[in-house]
Amino acid sequence: MITLDQLISLLAKARYVAVLTGSGISAESGIPTFRGADGLWKQYRAEDLATPEAFRRDPTLVWEWYRFRRDIIRKAEPNPGHDALAEMERLVPNFVLITQNVDGLHQRSGSKTVIELHGNIFIDRCVECGREVDRSGQPEPETALPRCECGGLFRPGVVWFGEALPAEALNRAWDAVDQCDIFFSIGTSALVYPAAGLPDMARQRGAKVVEINPEKTPISSRMDLSIRESAAHTLQEIVAKLKAVKAS
Ligand code: BJW
Ligand code: ZN
């Protein structure tokens, strides 16, 4: 176990910091988490919709869910938690932000080195030819089922249950886990693999591991420091203290 003050002095000396984020960091931007009380959409859970089987069975329903979420995300703004991580990147020599989120809010708040493990919700990808279209700056197509020029159906460019994560992203994440001195797990329930395995891998490689989450998770007891508070508040405090130590 370490204290918050010990964490700050370790951070001030750290050569390499890696961070894993989940939907909890965007909760304070008004984006529902997956497994929280507000995580339900109609009567469905993420596990019912975020699968290739669900898309094969009822692509219209799955697209309806993704359009609903794209709308929320388009209207959302990064919050002080995203901002604090962008600031932390500027304060440490090597910094990698690994995110399970598909909302692009880290990039919008100024983070530079972002690894998207589960893709991006604004990419449409053709199931036939693989062509990708970025819809982030565009209005949604009028049609319920968007199609590619080749005639194939578009699907959201995200990673569903049972699908492999993008190999390059996962390799970069493993590399960061190998090299980091400090690893943060922030706003994730640590239930969905392989992302949920990264904090333990970092710990086994000798990194100090820190969790920020108002709720206990399956990894909490193995952390060097488990902070049971919201990400925005805690990250602002950590970055303010880090700046003060660096300036002294
Ligand atoms: C706050 C807060 C605040 C709130 N501040 N915090 C058994 C063991 C190991 C693995 C498996 C297994 N059985 C099945 C698997 C595999 C499966 C898996 O892990 N299943 C588990 C559920 C058991 N994994 C997969 O299928 C993955 N692929 C894979 O393994 O491939 C193998 C393969 C190899 C080669 C070829 C083929 C296959 C893929 C997983 C994909 C996950 N996809 C989703 C959807 C993405 C698209 C979309 O957005 O629609 O990713 S599911 C969903 O869960 C989404 C998230 O990224 C992910 C994680 O959720 P997250 O972010 O942790 O959210 P929540 O809601 O769970 O938690 C929020 C947390 O925030 C809570 O703890 C709150 O307390 C906290 N919080 N407010 C800080 N203010
Ligand atoms: Zn196509």
Side-chain angles (χ1 to χ4, degrees), residues 19-41 44-55 62-63 65-70 72-73 79-82 84-85 98-105 116-133 146-167 169-170 184-200 210-220 226-236:
V19 176
L20 171 70
T21 62
S23 61
I25 191 147
S26 294
E28 288 164 277
S29 294
I31 301 172
T33 62
F34 290 93
R35 292 164 190 84
D38 56 357
L40 277 179
W41 175 75
Y44 304 99
R45 298 172 305 139
E47 286 78 0
D48 304 326
L49 296 164
T51 71
E53 294 75 29
F55 189 72
V62 172
W63 263 118
W65 182 50
Y66 279 94
R67 279 209 198 87
F68 166 80
R69 292 173 52 207
R70 281 181 176 183
I72 295 175
I73 294 166
N79 69 57
H82 297 106
L85 287 175
I98 306 160
T99 189
Q100 299 169 83
N101 299 346
V102 297
D103 57 29
L105 288 184
E116 291 182 318
L117 284 183
H118 293 165
N120 190 292
I121 197 168
F122 292 110
I123 303 291
D124 284 4
R125 190 173 67 238
C126 175
V127 297
E128 300 297 336
C129 74
R131 193 170 76 94
E132 294 193 344
V133 179
R147 283 191 186 270
C148 175
E149 293 158 359
C150 82
L153 212 53
F154 275 125
R155 58 163 282 178
V158 298
V159 182
W160 285 329
F161 285 111
E163 294 184 324
L165 275 61
L170 193 54
F184 286 89
S185 177
I186 304 172
T188 175
S189 59
L191 291 172
V192 176
Y193 285 81
L198 297 176
D200 281 326
V210 180
E211 179 179 60
I212 305 174
N213 194 317
E215 306 289 337
K216 193 169 181 243
T217 76
I219 62 169
S220 299
S226 180
I227 305 174
R228 296 281 159 76
E229 285 185 64
S230 90
H233 163 81
T234 308
L235 284 169
Q236 278 184 297

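Counting convention: from 1, in listed order, for ligands and their atoms alike.
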- Under 4.0 Å between a Lys/Arg side-chain N and an Asp/Glu carboxylate O for Arg70 and Asp124? yes
- Item | Which of the ligand 1 atoms, numbered from 1, are nearer than 4.0 Å to a heavy atom of Val158 | 47 (C)
- Task: Number the atoms of ligand 1 from 1 as they appear, then name those within less than 4.0 Å of a heavy atom of Val102, with their elements.
- Result: 49 (O)
- Item | Structural part of Glu47 in contact with ligand 1, heavy atom criterion under 4.0 angstrom | neither
- Option set Phe34, Tyr193, Trp160, criterion heavy-atom distance to atom 10 (C) of ligand 1, minimum: Tyr193
- Message: Could you tell me if Gln100 and Thr21 have a donor-acceptor pair between their side chains, going purely by distance under 3.5 Å?
- Response: no
- Message: Under a 3.5 Å threshold, yes or no: a donor from one side chain and an acceptor from the other, between Glu211 and Ser185?
- Response: no
- Message: Using a 3.5 Å distance criterion without hydrogens, assess whether the side chain of His82 forms a donor-acceptor pair with backbone atoms of Asn79.
- Response: yes
- Heavy-atom side-chain contact between Ile98 and Leu117 under 4.5 Å: yes
- Would you give the length of the straight line joining atom CG of Leu191 to atom OG1 of Thr217, rounded to the nearest 0.5 angstrom? 8.0 Å
- Which protein heavy atom lies closest to atom 59 (C) of ligand 1, and at what distance to 0.1 Å? Gln100 OE1, 3.3 Å
- Do any N/O atoms on Thr217 end up under 3.5 angstrom from N/O atoms on ligand 1? no
- Note on the structure: Among non-hydrogen protein atoms, atom 20 (N) of ligand 1 lies closest to Phe161 CE2, 3.9 Å
- Query: So what does the Cys150 SG - the Zn ion (ligand 2) - Cys129 SG angle come to, to 10°?
  - Reply: 120°
- Query: Which atom names give the shortest non-hydrogen contact between Val158 and Arg155, and what distance separates them?
  - Reply: O-NH2, 2.7 Å
- Closest heavy-atom approach to atom 68 (O) of ligand 1 among Ala164, Ser29, Ser189, Ala196 is made by Ser189
- Evaluate the salt bridge (Lys or Arg N to Asp or Glu O under 4.0 Å) criterion for residues Glu47 and Arg35: first the C-alpha distance (whole Å), next the side-chain angles of each, then the deciding distance (0.1 Å), finally the verdict. CA-CA 10 Å; Glu47 286 78 0; Arg35 292 164 190 84; 3.1 Å; yes
- Message: Does the Lys NZ or Arg CZ of Arg67 fall within the cation-pi geometry relative to Trp65 - under 6.0 Å from the ring centre and within 45° of the axis?
- Response: no
- Query: Are Leu105 and Ile25 close enough that some pair of their side-chain heavy atoms sits under 4.5 Å apart?
  - Reply: no
- Please determine if Tyr66 has a nitrogen or oxygen closer than 3.5 Å to a nitrogen or oxygen of ligand 1. yes
- Note on the structure: atom 62 (O) of ligand 1 has as its nearest protein heavy atom Ser23 N, 2.8 Å
- Exam field: side chain Asn213 to backbone Arg228, donor-acceptor pair closer than 3.5 Å: no
- Query: Should one rank His233, Arg45, Glu163, Glu116 by closest heavy-atom distance to atom 28 (N) of ligand 1, which comes out on top?
  - Reply: Glu163
- Item | Option with minimal heavy-atom separation from atom 45 (C) of ligand 1, where the choices are Leu165, Leu235, Val159, Asn101 | Val159
- Message: Does any N or O of ligand 1 fall below 3.5 Å from an N or O anywhere on Ile25, backbone included?
- Response: no
- Specify side chain, backbone, both or neither for Val192, according to which of its non-hydrogen atoms lie closer than 4.0 Å to ligand 1. both
- Message: Main chain of Gly197, side chain of Asp200: is a donor-acceptor contact present, judged purely on distance under 3.5 Å?
- Response: no
- Query: So, is Glu229 polar-close to ligand 1, with some N/O to N/O distance under 3.5 Å?
  - Reply: no
- Query: Under 4.0 Å from atom 16 (C) of ligand 1, do we find at least one protein heavy atom?
  - Reply: no
- Task: For residues Glu163 and Pro52, determine if any side-chain heavy atom of one lies less than 4.5 Å from a side-chain heavy atom of the other.
- Result: yes
- Which of the numbered atoms in ligand 1 are below 4.0 angstrom from a heavy atom of Glu215? 75 (O)
- Do side-chain atoms of Trp63 reach the backbone of Phe154 as a donor and acceptor pair under 3.5 angstrom? yes
- Do any nitrogen or oxygen atoms of Arg35 lie less than 3.5 angstrom from nitrogen or oxygen atoms of ligand 1? yes
- Would you sort out whether Glu229 and Thr234 count as a side-chain hydrogen bond (donor to acceptor under 3.5 Å, both in side chains), showing the intermediate values? CA-CA 7 Å; Glu229 285 185 64; Thr234 308; 4.5 Å; no
- Note on the structure: Among Ala231, Ala27, Ala190, Gly22, the residue with a heavy atom nearest to atom 78 (N) of ligand 1 is Ala27
- For Pro214, is at least one N or O under 3.5 Å away from an N or O on ligand 1? no
- May I ask you to check if ligand 1 and Glu28 share an N or O to N or O distance below 3.5 Å? yes
- Under 4.0 Å from atom 25 (C) of ligand 1, do we find at least one protein heavy atom? yes
- Message: Considering non-hydrogen atoms of the protein only, which is the closest contact for atom 38 (C) of ligand 1, and what is the distance?
- Response: Gly162 O, 3.4 Å
- Item | Atom of Ala231, atom of Ile212 and distance for their closest heavy-atom approach | CA-CG2, 3.9 Å
- Please indicate whether any nitrogen or oxygen in Pro194 is less than 3.5 Å from any nitrogen or oxygen in ligand 1. no
- Query: For the side chain of Ser26 and the backbone of Ser29, is there at least one donor-acceptor N/O pair under 3.5 Å apart?
  - Reply: no
- Message: Please classify the His118 to ligand 1 contact at 4.0 Å (heavy-atom distances, strictly less than): side chain, backbone, both or neither.
- Response: side chain
- For the side chain of Asp103 and the backbone of Ile73, is there at least one donor-acceptor N/O pair under 3.5 Å apart? no
- Query: For atom 75 (O) of ligand 1, which protein heavy atom lies nearest, and how many Å away is it?
  - Reply: Asn213 OD1, 2.7 Å
- Message: Can you confirm whether some protein heavy atom lies under 4.0 Å from atom 13 (N) of ligand 1, or whether none does?
- Response: no
- Item | Under-4.0 Å heavy-atom contact with ligand 1, by part of Ala46 that carries it | neither
- How close does the nearest protein non-hydrogen atom get to atom 49 (O) of ligand 1, and which residue and atom is it? Arg69 NH2, 2.7 Å
- State, yes or no, whether a side-chain contact exists between Leu20 and Thr99 at a heavy-atom distance under 4.5 Å. no
- To atom 21 (C) of ligand 1, the nearest of Leu191, Thr234, Ile227 on a heavy-atom basis is Leu191
- Message: What protein heavy atom lies closest to atom 4 (C) of ligand 1? Include the residue and the distance to one decimal.
- Response: Gly24 CA, 3.9 Å
- Query: Looking at atom 70 (C) of ligand 1, what's its closest protein heavy atom, distance included?
  - Reply: Gly187 O, 3.5 Å
